[in-house]
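First the structure, in the form of structure tokens, and then the observations on it.
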Protein chains: 2
Amino acid sequence: MSKCEQCIVREFSSLKALNKDELVKLAECKTSRLVKKGEIIFEEGENVNGIFCVKDGVCKLTKLSPNGKDHIVKLVTKGELLGQRSMISDEPVNLSAVALEDMQVCFIPKSEIMGFFDKNNQFSMNVMRTICGDLKEADSQMVNMAQKTVKERLAETLLYLQDTFGKNEDGSLKIQLTRDELASMIGTATESCIRLLSDFNKLGLIELKGKKITLKNIAQLKKMI
Amino acid sequence: MSKCEQCIVREFSSLKALNKDELVKLAECKTSRLVKKGEIIFEEGENVNGIFCVKDGVCKLTKLSPNGKDHIVKLVTKGELLGQRSMISDEPVNLSAVALEDMQVCFIPKSEIMGFFDKNNQFSMNVMRTICGDLKEADSQMVNMAQKTVKERLAETLLYLQDTFGKNEDGSLKIQLTRDELASMIGTATESCIRLLSDFNKLGLIELKGKKITLKNIAQLKKMI
DNA sequence: AGTAAAATATGATATATATCATAGAAATGA
DNA sequence: TCATTTCTATGATATATATCATATTTTACT
């Protein structure tokens with residue numbers, strides 16, 4: 001069983017507040033797991049009873065709408081935690097988590113984490129701040145969905161993807177989403193998403209090569225938001 | 001200065017975890033304030049440096065979209081707290097709060113609340129659970145905005161308003177929103193909102209008398225969601 | 001009470017976006 | 001390597017919703 005002390009998740013997440021003893025305890029009770037691209041980590045309505053640490057890879061958090069379409073609420077990448085909200089509320093998870101790439105995740109049972117809440121105030125505050133950040137972001141997204149056009153949301157999302165996940169040597173977006181997934185992030189029909197990408201391409205804002213997307217005119221894309 | 005011990009906010013909010021001593025301290029440092037309908041409690045971008053307890057009345061939390069339209073993110077009513085997210089994140093507020101009715105609110109400075117976080121674990125957990133609830137709700141609203149039609153959102157919002165704020169003796173919704181406000185809750189143009197209300201009226205789902213709205217066919221409204 | 005301002009209502013029209021249909025390209029698997 | 005499925009692309013069309021215009025009603029003000 002690998003140690004938690006040098007783990008990337010520990011560096012970047014709320015877990016950075018844990019001391020050496022706590023980390024040793026953590027390493028003992030955690031379970032590691034490889035998740036293949038496309039695999040489900042947990043599904044809406046499940047009882048998870050713990051949190052996941054994303055050590056490597058990216059996953060999407062989705063919510064099923066009554067119309068049968070999935071909506072991508074958030075992307076979660078290495079260094080982040082998964083399932084905090086549901087653990088604290090003591091409820092089933094309200095979102096599904098599906099790997100977008102091969103992933104490495106660790107699972108920490110609820111009992112262990114709840115102990116940290118009691119004894120380590122800094123840890124509690126870190127978790128609280130993370131969730132507050134998520135809330136602020138969710139409010140902002142809600143307004144985006146309600147008030148912005150699909151075109152604006154597409155531009156914004158493309159910029160976000162490049163900012164957050166970077167680009168390959170050829171300049172294309174590092175993170176590989178299908179058109180369908182991109183559409184379900186911005187909240188539109190797949191065909192509309194494809195059509196707009198095609199428009200952006202013709203306008204020289206982006207370049208499409210197969211499923212690779214390269215942002216060509218960042219300034220103009222920013223102006224569209 | 002009135003006591004906090006019997007206050008409605010204390011009964012229903014995270015503050016219920018506070019003990020007698022803490023409540024006495026609270027009563028000493030809080031400031032009370034009457035807010036008239038339409039008055040601004042705080043505005044997006046302000047530094048609030050504390051939280052508000054809503055003792056009476058209802059306010060809307062709004063966010064300005066780049067297109068110049070306000071979007072109502074949430075309604076907050078008596079017994080609830082205001083400004084927790086921003087206080088914890090130690091950031092300016094991301095939403096504006098405007099009274100929809102005459103209100104009575106108390107302000108508690110940040111220093112006081114932060115003390116409770118350190119010493120009272122139950123209080124921390126209560127706040128955390130509240131914010132987690134807000135996050136779950138925000139995620140759900142985000143998906144609603146992205147995936148549901150305006151008609152569905154109107155039906156859902158009307159049911160929500162009756163559930164949450166109740167009805168008058170004549171059966172009409174107790175909370176009085178302008179059509180404009182209703183539109184900015186569901187994320188549509190004012191005219192579209194008015195038109196759909198008119199449609200619902202003709203279908204016998206609701207009844208309109210002046211600006212009063214009475215839900216007539218709850219079952220059918222629920223089916224629409 | 002009377003007037004100005006705001007809110008509600010409704011029609012006409014424009015526009016964005018969804019849906020349906022079809023075809024080609026790319027990925028996957030035996 | 002070929003076949004089957006999934007993904008991308010684009011046209012044609014339908015539909016929901018926004019926008020503009022105007023009238024009526026309600027509210028607020030002095």
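Letters A, B, ... mirror the listed sequences (proteins, then strands); counts begin at 1.
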Please report the distance, rounded to the nearest Å, between [atom1] in [X] and [atom2] in [N].
X        : N      : atom1 : atom2 : result
B:Lys151 : C:dA18 : NZ    : P     : 17 Å
B:Arg179 : D:dT24 : CZ    : P     : 19 Å
A:Leu177 : C:dA27 : CG    : P     : 15 Å
B:Glu152 : D:dT17 : CD    : P     : 9 Å
B:Arg153 : D:dA16 : CZ    : C1'   : 11 Å
B:Gln176 : C:dA6  : CD    : C1'   : 15 Å
A:Leu182 : D:dC7  : CG    : C1'   : 14 Å
B:Lys37  : C:dA6  : NZ    : P     : 15 Å

Terminal axis angle for the helix from C:dA1-D:dT30 to C:dA30-D:dT1, five pairs an end, nearest 10 degrees: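 So the angle between the two local helix axes works out to 60°.
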
Give the minimum heavy-atom separation between A:Gly45 and A:Pro92, together with the two atoms involved.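 Of all heavy-atom pairs spanning A:Gly45 and A:Pro92, the closest is O-CB, 3.3 Å.
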
Can you see which heavy atom on A:Leu75 is nearest to which on A:Glu80, and at what distance?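 Distance-wise, the nearest heavy atoms are O-OE2, 4.2 Å.
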
N/O donor-acceptor pair under 3.5 Å between A:Glu112 side chain and A:Pro109 backbone: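 Flag not set: sc A:Glu112 to bb A:Pro109 has no pair under 3.5 Å.
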
Judged by modelled atom types alone, do [X] and [Y] share a side-chain donor-acceptor pair under 3.5 Å?
X        : Y        : result
B:Asn144 : B:Glu156 : yes
B:Arg85  : B:Ser89  : yes
A:Thr178 : A:Asp180 : no

Could you list by number each residue of residues 185-200 of chain A showing a heavy-atom separation from DNA chain C of less than 4.0 Å, or answer none if no residue does?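 Close to the strand are A:Thr188, A:Ala189, A:Glu191, A:Ser192, A:Arg195.
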
Just to be sure I understand the geometry, which residues of residues 201-218 of chain A put a non-hydrogen atom under 4.0 Å away from DNA chain C?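 Of all residues in residues 201-218 of chain A, none places a heavy atom under 4.0 Å from DNA chain C.
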
Could you say whether B:Lys148 or A:Asp180 is positioned toward the 5' end of DNA chain D, judged by the nucleotide with the nearest heavy atom to each?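 Looking at DNA chain D, the more 5' nearest nucleotide goes with A:Asp180.
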
Would you check, one step at a time, whether the test side-chain hydrogen bond (donor to acceptor under 3.5 Å, both in side chains) holds for B:Ser172 with B:Asp170? CA-CA 6 Å; B:Ser172 64; B:Asp170 63 356; 2.7 Å; yes

Does the side chain of A:Lys16 reach to within under 4.5 Å of the side chain of A:Glu11, using non-hydrogen atoms?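 No, too far: nothing below the 4.5 Å cut-off.
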
Residue that, paired with A:Met103, satisfies side-chain contact (heavy atoms from CB on, under 4.5 Å) out of A:Leu34, A:Val58, A:Val35: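 Option passing the side-chain contact (heavy atoms from CB on, under 4.5 Å) with A:Met103: A:Val35.
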
Under the criterion side-chain contact (heavy atoms from CB on, under 4.5 Å), which of A:Gln141, A:Lys63, A:Lys60 is the partner of A:Val73?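 Passing option: A:Lys63.
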
Nearest 0.5 Å, please: how far is SG in A:Cys53 from CZ in A:Arg10?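 Going from the CZ atom of A:Arg10 to the SG atom of A:Cys53 covers 12.0 Å.
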
